[in-house]
Amino acid sequence: MKIKINDEVFTGVTELNVKRELRKTEIRYNTQGDMLIDMVARKYVLEVSFGLMAESELKKLRKLSENIFVSVTFQVPEGEVTADFHISDEPAAEVKKVNGVRMYGGVKLTMLQK
């Protein structure tokens, strides 16, 4: 599976959870007791897990996470979606040696749509 952040394509995505959240919801009741709901927007929340990454890939991901907002392209059942997201946490990883090469695992990101 892959995900595109700005113009960088990351192909090592092992898990992608896509949720839609309702933001800025106001629930109130009228005098007859009927529920009135104001919905402002439904926004995506992405939880992305990566497989083992090379140091160069992790550096790219960390550099991208320094931006306030990034453009992310991903697949949903309705098709491909591109939207602006905020990466809430800096990617952290476990260091592993695979065949003498330093690799990074356990990288997970949570991204909130702008």
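Looking at every heavy atom in both residues, Leu58 comes nearest to Pro91 through CD1-CB, 4.3 Å. Residues Thr14 and Met1 share a closest heavy-atom pair of O-CE, 4.3 Å. Across every non-hydrogen atom of Lys114 and Lys43, the tightest pair is O-NZ, 2.5 Å.
The residues Lys108 and Glu15 are annotated as not salt-bridged, no charged nitrogen and carboxylate oxygen being separated by less than 4.0 angstrom.
When the side chains of ILVMFWY residues are joined at heavy-atom separations under 4.5 Å, either directly or via intervening members, Leu52 and Phe10 end up in two distinct hydrophobic clusters. Linking ILVMFWY residues whenever their side-chain heavy atoms come closer than 4.5 Å, directly or via other members, leaves Leu61 and Met103 in distinct clusters. Cluster membership for Val95 and Met53, using ILVMFWY side-chain heavy atoms within less than 4.5 angstrom, is shared. Under a hydrophobic clustering in which Ile, Leu, Val, Met, Phe, Trp and Tyr are joined whenever their side-chain heavy atoms come within less than 4.5 Å, directly or via other members, Val18 and Leu112 fall into different clusters. Both Leu64 and Leu16 sit in one connected hydrophobic cluster of ILVMFWY residues. Membership requires side-chain heavy atoms under 4.5 Å apart, directly or through other members.
Few gaps surround CZ on Arg28; more than 12 heavy atoms of other groups in view lie less than 6.0 Å from it.
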Could you go through the salt bridge (Lys or Arg N to Asp or Glu O under 4.0 Å) check for Lys59 and Glu55 one step at a time? CA-CA 6 Å; Lys59 283 182 180 179; Glu55 189 170 347; 3.7 Å; yes
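Judged as a salt bridge (charged side-chain N to carboxylate O under 4.0 Å, His left out), and not counting sequence neighbours, Glu78 has no contacts.
Screening residues 3-13 for salt bridge (charged side-chain N to carboxylate O under 4.0 Å, His left out) gives Glu8-Lys60 as the qualifying pairs, with residues at least two apart or on separate chains. Applying the ring-ring contact (aromatic ring centres under 6.0 Å, His included) definition to pairs two or more places apart or across chains, those involving residues 63-114 are Tyr44-Phe74, Phe74-Phe85.
Although no hydrogens or angles enter the test, the distance criterion places no donor-acceptor pair under 3.5 Å between the side chain of Asn67 and the main chain of Val70. For the pair Thr11 (side chain) and Lys2 (backbone), a donor-acceptor distance under 3.5 Å is absent.
Residues Val48 and Ile3 form a side-chain contact, since some pair of their non-hydrogen atoms from C-beta on lies under 4.5 Å apart. Counting heavy atoms from C-beta outward, Ser71 and Thr82 have side chains that approach closer than 4.5 Å. When side chains are defined from C-beta on, Thr73 counts as touching Glu80, because their heavy atoms get closer than 4.5 Å.
Between atom CG of residue Asp89 and atom CE of residue Met111 there is a gap of 11.0 Å, rounded to the nearest 0.5 Å. Residue Ile5 holds its CD1 atom at 9.0 Å from OG of Ser65, rounded to the nearest 0.5 Å. Note: Asp84 CG to Ile68 CD1 = 12.0 Å, rounded to the nearest 0.5 Å.
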